[in-house]
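Here the structure is laid out as structure tokens; the discussion comes afterwards.
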Amino acid sequence: MAVSSQVETVGSGASVAKLLVSALLVVGGIVAFYMFEAQGGWVQWLALMVAFVLAALVFLWSNPGRDFVGYVKDSWNELKKVVWPTRKEAMQMTGYVFAFAVIMATFLWLTDVTVGWVIFDLLLGWRD
């Protein structure tokens, strides 16, 4: 039995058009920012922010935007389910990690010194 491995993506022309309009609004905002240089900083930033807000609204109005909002909501719900450790538990686990790191560093240093002694002093006789 053969299983088809083709992935179908469904995208309407309207959704693609909305994404294109959103991208053009972002580019237009950046262009407006530099075009309004003579009017001052407030006008530049206002034009940029208005364009970005409009781009965000158009994006959220599209299918990928709605999917993104759904993803964020689902992620937020999953984040609420997380059981966070208490301060005492977090400090204990941090202590365990530091202790393990010190023990491993000591072990690796001793292994390095021992291997170096065996190779250079016993086998090759380079260190006298």
Side-chain angles (χ1 to χ4, degrees):
M1 177 176 187
V3 178
S4 175
S5 63
Q6 293 180 349
V7 176
E8 292 185 30
T9 58
V10 179
S12 67
S15 181
V16 172
K18 290 173 190 174
L19 292 176
L20 181 63
V21 168
S22 180
L24 288 175
L25 281 168
V26 169
V27 171
I30 294 170
V31 169
F33 179 82
Y34 289 107
M35 284 181 57
F36 292 137
E37 189 172 1
Q39 280 76 21
W42 288 104
V43 176
Q44 285 181 294
W45 286 104
L46 181 65
L48 185 67
M49 289 300 114
V50 167
F52 279 12
V53 167
L54 289 175
L57 290 175
V58 171
F59 172 73
L60 292 175
W61 190 36
S62 68
N63 286 337
R66 279 179 267 186
D67 291 343
F68 177 71
V69 169
Y71 172 76
V72 169
K73 285 181 182 179
D74 291 343
S75 297
W76 186 257
N77 288 335
E78 289 297 320
L79 187 64
K80 287 189 222 178
K81 295 177 186 178
V82 173
V83 178
W84 297 100
T86 63
R87 179 175 174 83
K88 181 181 176 185
E89 291 170 339
M91 295 299 281
Q92 284 177 340
M93 293 307 292
T94 303
Y96 295 151
V97 169
F98 279 130
F100 181 76
V102 167
I103 290 169
M104 282 306 297
T106 305
F107 170 75
L108 291 173
W109 174 74
L110 286 173
T111 303
D112 181 49
V113 168
T114 303
V115 169
W117 175 73
V118 167
I119 291 174
F120 292 113
D121 286 350
L122 295 180
L123 294 177
L124 298 175
W126 286 1
R127 294 182 191 164
D128 292 324

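With hydrophobic clusters built from ILVMFWY side chains whose heavy atoms lie under 4.5 angstrom apart, Leu24 does not share a cluster with Phe59. Criterion: ILVMFWY side-chain heavy atoms under 4.5 Å apart, direct or through other members. Under it, Val27 and Ile30 are not part of a common hydrophobic cluster. In the hydrophobic cluster analysis, where Ile, Leu, Val, Met, Phe, Trp and Tyr join through side-chain heavy atoms closer than 4.5 angstrom, Leu19 is grouped apart from Leu54. Under the 4.5 Å side-chain heavy-atom criterion for Ile, Leu, Val, Met, Phe, Trp and Tyr, Phe52 and Trp45 are members of the same hydrophobic cluster. Taken together through direct or relayed side-chain contacts under 4.5 Å among Ile, Leu, Val, Met, Phe, Trp and Tyr, Val26 and Leu48 form part of one hydrophobic cluster.
Distance alone, capped at 3.5 Å, places no donor-acceptor pair between the Ser22 side chain and the Lys18 backbone.
Within the structure, every pair that satisfies the salt bridge (Lys or Arg N to Asp or Glu O under 4.0 Å) test and touches residues 71-85, not counting sequence neighbours, is listed here: Glu78-Lys81.
Annotation: side chain of Gln39 is not in contact with side chain of Gln44 (no heavy-atom distance under 4.5 Å).
Ile119 CD1 to Thr114 OG1: the interatomic distance, rounded to the nearest 0.5 Å, is 11.0 Å. Once rounded to the nearest 0.5 Å, the distance linking CG of Leu20 with CG of Leu25 reads 10.0 Å. Between atom CH2 of residue Trp117 and atom CG of residue Leu123 there is a gap of 9.5 Å, rounded to the nearest 0.5 Å.
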Pairs under 3.5 angstrom only: tabulate donor-acceptor contacts from the side chains of residues 89-99 to other protein residues two or more places apart or in another chain.
from, atom 1, to, atom 2, distance (Å)
Glu89, OE1, Thr86, N, 3.0
Thr94, OG1, Ala90, O, 2.8

